[in-house]
Amino acid sequence: MAAQTLYDKIWAMHEVRRDDDGTRLLYIDRHLVHEVTSPQAFEGLAKANRPIWRKQSIVAVPDHNVPTIGLEQGITDPVSRLQVETLDQNCDKYALVEFKMGDVRQGIVHIIGPEQGATLPGMTVVCGDSHTSTHGAFAALAFGIGTSEVEHVLATQCLIQKKSKNMRVTIDGAVAEGITAKDIVLKIIGEIGIAGGTGHTIEFAGEAITSLSMEGRMTVCNMTIEAGARAGLIACDQTTIDYIEGRPFAPSGENWNKALDYWQSLHSDDEAVFDREIHIDGTSIEPQVTWGTSPEMVIAIGDVIPDPAAEADAVKAGGMQNALDYMGLKANTACDQISLDKIFIGSCTNSRIEDLRAAARVVKGRKVANTIKLAMVVPGSGLVKQQAESEGLDKIFIEAGFEWREPGCSMCLAMNDDRLEPGERCASTSNRNFEGRQGKGGRTHLVSPAMAAAAAVFGHFVDVRELN
Amino acid sequence: MEKFTPFRGIVAGIDRPNIDTDAIIPKQYLKSIKRSGFGVNLFDDWRYLDPGHPGVDNAQRRLNPEFVLNRSPFRHAQILLARRNFACGSSREHAVWALMDFGFRVVIAPSFADIFYNNSFKNGLLPIALGEVLVDQLFAELEQQQDYQLGIDLEKQVVSNAAGIEMPFEIEEFRKYCLQNGLDDIGLTMQHTDAIRSFEQQYYEKLPWLVQ
Ligand code: SF4
């Protein structure tokens, strides 16, 4: 058989049928469901009187609307509450697995899937959320879908798809001390652009990727969608297997050995040909900070904000100027001159235990600058929170002046009460810096947890590698 | 879904690349559990001067007079003209619902984000990718003409301007077929339930841990 990419292999395993025009019916193993994109799908299903094809494939959790303080009062906003209640009702009605509010396993959907072992190598994983790409870290083909497709998967366990192209991004060499997965992925997006991966599935490879922990790999795959690709992939190796072993949904006993045999084949063949190959020098990556309103508008901490006047592409230059105006910034300002109002450490990009440890290391024994109005840490799940507390991280944050919150999406998209006010500037470990993302008129700078922690302490961006 | 038939419609242009889904429909409106009613909040942050939330009476909010959709004749626009990488960002189908609820049936741009492109067809919205040069030209024509209209013919796969110049566009056969006939994907897939069942049988034999 011809050499295959990892994407080709997973795809081939899931093809149910093929139409003459190249359209395929693709089988879906895991369907993650949350409250925002599912109500209309459940409603459509009920209206058409269709059953759910495979209930066991579903894991549901409320996350986007969940408050991060005052949980005893429940959700006070009636519109948010109705959405979460609708999810609860749908899950009860069909007897689906759901981690409801108050369950320690509740958290951001992309954190809890892997945490529970519900995301396994070789699977197809979908969710009505673009950051489903996160799960690609497990050599699973994982991508976000719209609500109509959520309904389609509920009803048929399949999706009508066309195969995308293969792209590989290889980070050559090891990254320097203090450089994190977030810096790697921001650098990649800066290089290939936010539409650079459109129509492709991106496999990430190279020493800098394989030496990452699962947490780091998830951070990289999480932001694949910010490079325009619906799915990102990383080959299965011992790090993957060690992470999965013993988790609640993971195979056990004899099945574990059978699974291992298969999982070990989940990598691209040596001779596999990619439609596009990108190489990035890992040794040159520095801590990254976005300056604009799209994740590709990113610079290294030592750089200055670029000047639209120097951009030859007129459409791009216009976009840059809009971004500078919105962000209230001037071209050629040094990155470490940017002062912040708020700090957000959380989101499905960076709210796993390792992220919190990295931030706590920076914060330990220091105080949040008095110019910072609010600094908050929002763990990705109840279990992450529990783990962090058992390590005493909550105390480190609280002593420094951070707020230690309950798990959820929180200020990543500000659907609950956590948000920026107009004009406020935030160092955020999330994944999108779009206009209004964290609140109307709010200004978002995307950074790693360590960089966000350092910005909290100094009140402006600093090179985290220079702290000791 | 309604069948997609040829029409001529008013064009509204938003001259920006990378218009993201947060701009098309801000998150606070995603709290709705319905599919309809998003049109009044399409491009909410750009369209209104006052902040908005679900439950707020939009008629009481001050409109931004500069914003294209607040100006006549664009309130009745059916075709949206934009720049590259339209609707990047989230998977929210609400973006498509909002555009359609406002009255748009077509979006023309040099390129689209994958998920949005896919979502559009499921609802009968036609995304048309035209080259950058053509889009430049359409923006130029739009600037010069009040009440600028374009004709859309899905059958012939062409966009035609007032001068009758036809600009061909690509579309996958299957998607075209579904749009023209107003077909629902789920119904089509349900015709293959036998194939799905027999797939499952061999699949779970090979990967038994998935049914553990
Ligand atoms: S944390 Fe942010 S990006 Fe992730 S699922 Fe929640 S809202 Fe979406």
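Note on naming: letters A, B, ... go to the chains in the order of the sequence lines (proteins, then strands), and numbering restarts at 1 for each one.
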Kindly indicate, with the supporting measurements, whether the criterion salt bridge (Lys or Arg N to Asp or Glu O under 4.0 Å) is fulfilled by B:D20 and A:R437.
CA-CA 10 Å; B:D20 59 71; A:R437 172 78 177 179; over 6 Å; no
Which atoms of B:A195 are under 4.5 Å from chain A, going by heavy atoms: the side chain, the backbone, both sets, or neither?
both
Does CG in A:D20 sit with more than 12 non-hydrogen atoms of other residues, nucleotides or ligands closer than 6.0 Å?
no
Whatever's closer than 4.5 Å to a heavy atom in chain A on B:R35 counts as both
Does any heavy atom of chain A fall under 4.5 Å from the side chain of B:D184, the backbone, both, or neither of them?
side chain
Taking the side chain as every heavy atom from C-beta outward, state whether B:I196 and A:C158 have any pair of such atoms under 4.5 Å apart.
yes
Check whether B:P26 gets within reach of chain A through its side chain, its backbone, both or neither, counting any heavy atom under 4.5 Å.
neither
Highest number of heavy-atom pairs under 4.5 Å with chain B among A:N322, A:T147, A:D29 belongs to A:T147
Provide the closest heavy-atom pair for B:T193 versus A:W53 in the form atom of the first, atom of the second, distance.
CG2-CZ3, 3.7 Å
Is there a donor-acceptor contact under 3.5 Å from the side chain of B:K27 to the main chain of A:A414?
no
Looking at A:G319, A:S80, A:G253, A:A48, which makes the most heavy-atom pairs under 4.5 Å with chain B?
A:S80
Does B:H192 offer a backbone N or O that forms a donor-acceptor pair with the side chain of A:R17 under 3.5 Å?
no
Proximity breakdown for B:R175 and chain A, heavy-atom pairs closer than 4.5 Å:
neither
Heavy atoms, side chains only, cut-off 4.5 Å: are B:N18 and A:E296 in contact?
yes
Does B:L207 offer a backbone N or O that forms a donor-acceptor pair with the side chain of A:K258 under 3.5 Å?
no
Please say whether more than 12 non-hydrogen atoms of neighbouring residues, nucleotides or ligands are located less than 6.0 Å from NZ in B:K3.
no
Most heavy-atom pairs under 4.5 Å with chain B, out of A:M123, A:E226, A:E254, A:K162, belong to A:K162
Interchain contact, B:Y203 with chain A, by part (heavy-atom threshold 4.5 Å):
side chain
Chain B shares the most heavy-atom pairs under 4.5 Å, among A:P39, A:A229, A:G44, A:S164, with A:P39
To the nearest 0.5 Å, what is the distance between OG (B:S91) and CD1 (A:I145)?
8.0 Å
Minimal non-hydrogen separation, A:R54 against B:L210, with atom names:
NH2-O, 3.5 Å
Verify, without hydrogens or angle tests, whether B:D114 (side chain) and A:G199 (backbone) share a donor-acceptor contact under 3.5 angstrom.
yes
Once you measure the plane-to-plane angle for A:Y27 and B:F199, does it fall in the parallel (<30°), tilted (30-60°) or perpendicular (>60°) bin?
tilted
Looking only at heavy atoms, what is the nearest atom pair of B:D22 and A:F434, with distance?
OD1-CD1, 3.5 Å
What do the steps show when you test B:N118 against A:R230 for side-chain contact (heavy atoms from CB on, under 4.5 Å), and what is the final call?
CA-CA 11 Å; B:N118 217 21; A:R230 281 175 86 177; 3.6 Å; yes
Determine whether A:L82 and B:K31 satisfy the following criterion, side-chain contact (heavy atoms from CB on, under 4.5 Å), listing intermediate values before the conclusion.
CA-CA 8 Å; A:L82 177 64; B:K31 295 179 185 182; over 6 Å; no
Of all heavy-atom pairs between B:K34 and A:Q40, which one has the smallest distance, and what is that distance?
O-NE2, 2.7 Å
Do the non-hydrogen side-chain atoms of A:E149 and B:N119 ever get within less than 4.5 Å of each other?
yes
Please check if the number of heavy atoms outside A:K163 that lie under 6.0 Å from its NZ is greater than 12.
yes
Side chain, backbone, both or neither: which part of B:Y29 has a non-hydrogen atom closer than 4.5 Å to chain A?
neither
Below 4.5 Å, heavy-atom pairs only: which of B:E173, B:M190, B:K206 has the largest tally toward chain A?
B:M190
Among B:D15, B:D45, B:T21, who wins on heavy-atom pairs under 4.5 Å with chain A?
B:D45
Which is it for A:K440 and B:Q28 under the side-chain contact (heavy atoms from CB on, under 4.5 Å) test, yes or no, and what are the steps along the way?
CA-CA 10 Å; A:K440 188 175 162 93; B:Q28 63 269 35; over 6 Å; no
Could you tell me which portion of B:Y117 (side chain, backbone, both or neither) has an atom closer than 4.5 angstrom to a non-hydrogen atom of chain A?
neither
Using a cut-off of under 4.5 Å for heavy-atom pairs, which of B:S32, B:S198, B:A95 has the most such pairs with chain A?
B:S32
Relative to chain A, which of B:R83, B:E200, B:H53 shows the most heavy atom pairs under 4.5 Å?
B:E200
Which atoms of B:V211 are under 4.5 Å from chain A, going by heavy atoms: the side chain, the backbone, both sets, or neither?
both
Minimum heavy-atom separation for A:I194 and B:C88, please, with both atom names.
CD1-SG, 4.2 Å
Tell me, for B:N123 versus chain A, whether the close heavy atoms (under 4.5 Å) come from the side chain, the backbone, both or neither.
side chain
Between A:E15, A:E435, A:Q157, A:R50, which has the largest tally of heavy atom pairs under 4.5 Å with chain B?
A:R50
For each of A:G318, A:G128, A:A155, A:S252, tally heavy-atom pairs with chain B at distances under 4.5 Å, and name the one with the top tally.
A:S252
Donor-acceptor contact present, side-chain B:E93 to main-chain A:S148, <3.5 Å
yes
B:I115 versus A:S130, closest heavy-atom pair with distance
CD1-CB, 4.0 Å
